Every structure is written in structure tokens, then in C-alpha cells.
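To start, the structure itself, in C-alpha cells.
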Amino acid sequence: MKILHISAECFPVAKVGGLADVVGALPKYLNDLGEEAMVIMPFYKNSFIQQHQFQVVYQSNINIEGTEFNFEVLAPTSFNVGFSIYLISIPFLLSVNYVYSHDDLDRFFAFQMSALNWLKTWHKKPDVIHCHDHHAALIPFLISQCYLYEDLKDIATVLTIHNAEYQGWFSHQRIGMFPMFPFNKVGLLDWYGMINPLAIAIKVADKVTTVSPNYLQELMHRANGLEGLLRTESYKCVGILNGIDTDIWNPETDEHLIENYSLKTVEWGKQANKNWLCKEYHLDPSKPLIVFIGRLVGHKGADLLATAFEWALYKPEVSIFLLGNGEESIEIRQNQLKNSYYSNFNCYIGYSEQLAHRIYAAADFIVIPSRVEPCGLNQLYAMRYGAIPIVTKVGGLKDTVVDVLEPNGFGICMEAINEGTIAHSMWRAFELYQNKDRFFSLRIQVMNKNHSWDASAKEYMKLYRSIYQRENELKS
Ligand code: NHF
């Protein structure tokens, strides 16, 4: 079966968040199952792309609201991600040094149309197009309704919602962007008076997935305006838990680490990585190290962290390290904290993939106080590297972490989301750390968990097959 993923991000080519990790891993695991999975993404002007070579495989143009845009499709010649990947270059729109900005509508509309124009010329079309988030969510409508893409209308489509907060809506004044379609289908575009790409794909795609089962349940009640629609379309919605790429996220072979380690050498290996981090950021390596890695935004609960850290540091027996960037006010507070708690707290405001790997390897605990967490990959990376997760019970965090007080529990779960609960959980972490035998056995327990993509890739295959077979039955 041929499965084509369309996404704004794909690791390692362009990464803003977890979407890139998913699109950079799932196709590889689908290929391992004997399928043919590939990716189409934009050709940005970022440092990864500028450091690599590509060859042009197709050139053409698209017309949007009377304006012609030339585009090129490029394939890499200097790197291999384990599956076929094609990048669409559109001067001024996509060939810029950012992934998301204020002009995303024009940029990603042109991206989707270019991808489909190229697809029309393919001799053997994909069996399934898998669209990720709202940047690719107009494709199910374009191919099923627009005359221009009549040749593609038999291809089955899947939408994966990585984050329902972002829906890509825009005004009906821009309806002229769409190629011609039967006017009685205009209702498919509308959701609460706006053209809403995520809502359109929920209505039109053959299947809709969310990145964890619990997130799907949550969305039925709270989905930034889409809850009613999701309930209506629930018959075609499935929650499939994300996995992680265990080739990249492997403490035994990870090239970013100061020292590699296995289950057998974990105590020594983690201490070596912790010593490095603590020396670099003047923290005490004999204290338990609690880390936060992520975007400094409200959805991630990052606005609560400064106060929670201050409260946790009333007992200065812990070291805390934060990596991330985002809202300016949160960044400022973290920097202030660094000055006030010089020997217990430090942060790196920004993002570094290498530093992230080293932090997972050094950490004893990771705190994830998200208000919304569709799946969350950080707790999975942390566990693979032997760090105990401290999480709120939302989205995929609830699906993947069980509190130590429950049978077979291994993490710390927060029932409420506020500064006090976070600080209290950090004290719980400190107490756990004091009981060396218990802490060591928990570390081994979390490292033994298997969150590789193997199982979830099989679930996606089952889903693709169900719609592919149905399309074929309808055709015959
Ligand atoms: O894991 C990849 C990621 C999720 O919870 C994460 C999020 C965005 O918020 O599916 O997408």
C-alpha cells in the first residue's frame, strides 16, 4: 500500500514541536511493515535545508485568486531519512526561514495545491493521503470536491489532529482561493461563520485520528469549538497513541550524550551526564535533578512554573533545570529566577536538540504540568532515558503515566493544575529520591517500557486498510 503523508514539519528537516517527530518516524515504521510510506513537506530556508543538497524532480505553477505561483518539487541527494521525502519550494511563500507565521493561510494553501498538482501527474497514485493538522487539512476537500483534482478523488484520506487548539480558520472573503467546486458543497467549508480547515477535514476525511485515546475523549467535550462536530463524526474517529523513534531515542547509542548507558550501566551513565549538565550550569549533581523541556506557553502550564519552582525551592534540596522558549513574560520570569536561585536553578531560553537529549539523560525527574497535552512525547523520551515523569492527568499523559500510589505505578500524577500542586509533586519527587532502592527500581521500570512506534504503526495500517478496502469495494 502507498501512503503519502503531508505535513508542515518533519524531523530532522524542519522541527517546531512533536509533529515533526511523529512525521519523521511513523513512515519509517510503516515501511518496516512492508508498506510504501512517503512524505511531502515545504522547502523552507532553514539551516538544515541550507546545509544539504537536493535535486529538482518536478516544476510547474499554480493559480490562486488569479495570481500565478511557480513551484518546484525537490528530493534530497545528501541525506536519507529512511523513507522518500519530497519538499515543495515556492519562492517568497515557503522559501523563508520560519515554519509558522502570520501569513500561514497563503503559504500553506499554496503548499497544498502544489502538492496536489504534482500528484495529478503521478503514474501510480497513493492509496491513502494522511494529512497532519490544519496546514494539510484542506486536501480532503480539494480532492473530493474540486473539479481540478477530479483524477484524485478516489484516494482515501486520513486527518490526524495533533493539536485541536489551532484550526487555521479564515474569512469567507477568501473563498475565491479555492478552485471551482459544486456550489451546493459550500456548507462543508463553514464552521461558525468562518472557513475552518480542521473542521472541513473532520467533515470530509474518511478517518480522523487523534494522537492518544484519552485526547479524543477530551475533545468530545472541549475542542475549541469543534466538540459538537467531533461528536457527530465520532463514528470515524480513532485515538492512536504516538510512539517514539527508538533508533534516535536510545541512550545506548545516542551521539548527543556525554556518556552512553544501558539498563545495566544506567546509574553510572546518568550520573556522568548529570555531572556534565550540573557543571555547565553550576548546579549540585548530588541533589535530585528535576527538569522541564518544552514551549513556554499557557497550554503547557509554563506560566505556573516560576512560582511553583520558588515554592519547591523552599526546601533547597533539589536542582531544577528548564529548557524552552515562548511567551516573553514567562521567559523573563525564568531568567529572574536564575538570578535569585543561582545554585539550585538554571535555564536555557531557546531550543537545542542536542541539549534536550543531554537533559533527558541527566534528569532524575521531568515535570510536565500541561493544561492540554494531545499525546506528549517528552514523558516517553524521559522514561526511555530513565527519568521519572511528573505529569498532569490530561490527554496522552493520562494514557501513559500511572502514579506510584497505584498498582504498578511508576510516575507522579497531579490531579489539579496549579502552582501548589506542581510544588507539592516536586516534594513528592524529592521524597521518592531519598528511598534509593525504590527510586532505582522505578528507574528500571520506566526504562523497560516499550513506547516504540511498532504497535501504533500497526494500528495505523489497520485503519488505512479499512478505508482502502472500502474505496475499492465502492469502485468495483
Ligand atoms: O505529542 C505530536 C505532538 C503531541 O502533545 C503533543 C502536542 C503536539 O501538543 O503529535 O503534537
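These numbers come from the heavy atoms of this one structure, side chains and all, not from hydrogens, waters or symmetry mates. Given the structure is predicted, the values throughout are model-derived calculations rather than measurements. One is the number of the first residue; the rest follow in order along the sequence. Read the numbers this way: they start at 1 and go in the same order the structure lists the ligands and their atoms.
Heavy-atom contacts of Val22 reach the following atoms of ligand 1: 2 (C), 10 (O) (cutoff under 4.0 Å). For ligand 1, the atoms lying closer than 4.0 Å to a non-hydrogen atom of Asn242 are 1 (O), 2 (C), 10 (O). Those atoms of ligand 1 with a heavy atom of Leu19 less than 4.0 angstrom away are 2 (C). Taking every heavy atom of Pro374 and a limit of under 4.0 angstrom, the matching atoms of ligand 1 come to 5 (O), 7 (C), 9 (O). Close contacts between ligand 1 and Val211 involve ligand atoms 10 (O) [criterion: under 4.0 Å to a heavy atom].
For ligand 1, the polar-atom distance check against Cys375 finds a nitrogen or oxygen pair separated by under 3.5 Å.
From Phe178, atom CZ reaches atom CD1 of Ile64 across 10.5 Å, with rounding to the nearest 0.5 Å.
For Tyr100 and Tyr166, the gap between ring centers reaches or exceeds 6.0 Å. Close placement of the Phe54 and Phe43 rings is indicated, their centers lying within 6.0 Å of each other.
Taking the side chain to side chain contact (heavy atoms under 4.5 Å, CB included) definition, one finds that Ser114 meets it with Ile62, Phe71, Ile88, Ile90, sequence neighbours left out. Checked against ring pair (Phe, Tyr, Trp, His ring centres under 6.0 Å), His132 has the following partners two or more places apart in sequence or in another chain: His5, His130, His162.
For the pair Arg465 and Glu35, the salt-bridge criterion is met [side-chain N within less than 4.0 Å of a carboxylate O].
For the residue pair Tyr215 and Gln217, no side-chain donor N or O sits within less than 3.5 Å of a side-chain acceptor on the partner.
With a 4.0 Å cut-off on non-hydrogen atoms, Lys300 touches ligand 1 through its side chain and not its backbone. Here Asp21 has no heavy atoms under 4.0 Å from ligand 1, in either its backbone or its side chain.
In this structure, Gly376 has a heavy atom closer than 4.0 Å to ligand 1.
Atom 8 (C) of ligand 1 has its closest protein heavy atom at His162 O, 3.6 Å. Protein heavy atom nearest atom 5 (O) of ligand 1, with residue, atom name and distance: Glu373 OE2, 2.5 Å.
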Exercise for review: Please test Trp169 against Tyr192 for ring-ring contact (aromatic ring centres under 6.0 Å, His included), starting from the C-alpha separation and ending with a verdict.
Suggested key: CA-CA 10 Å; Trp169 49 63; Tyr192 286 113; over 10 Å; no
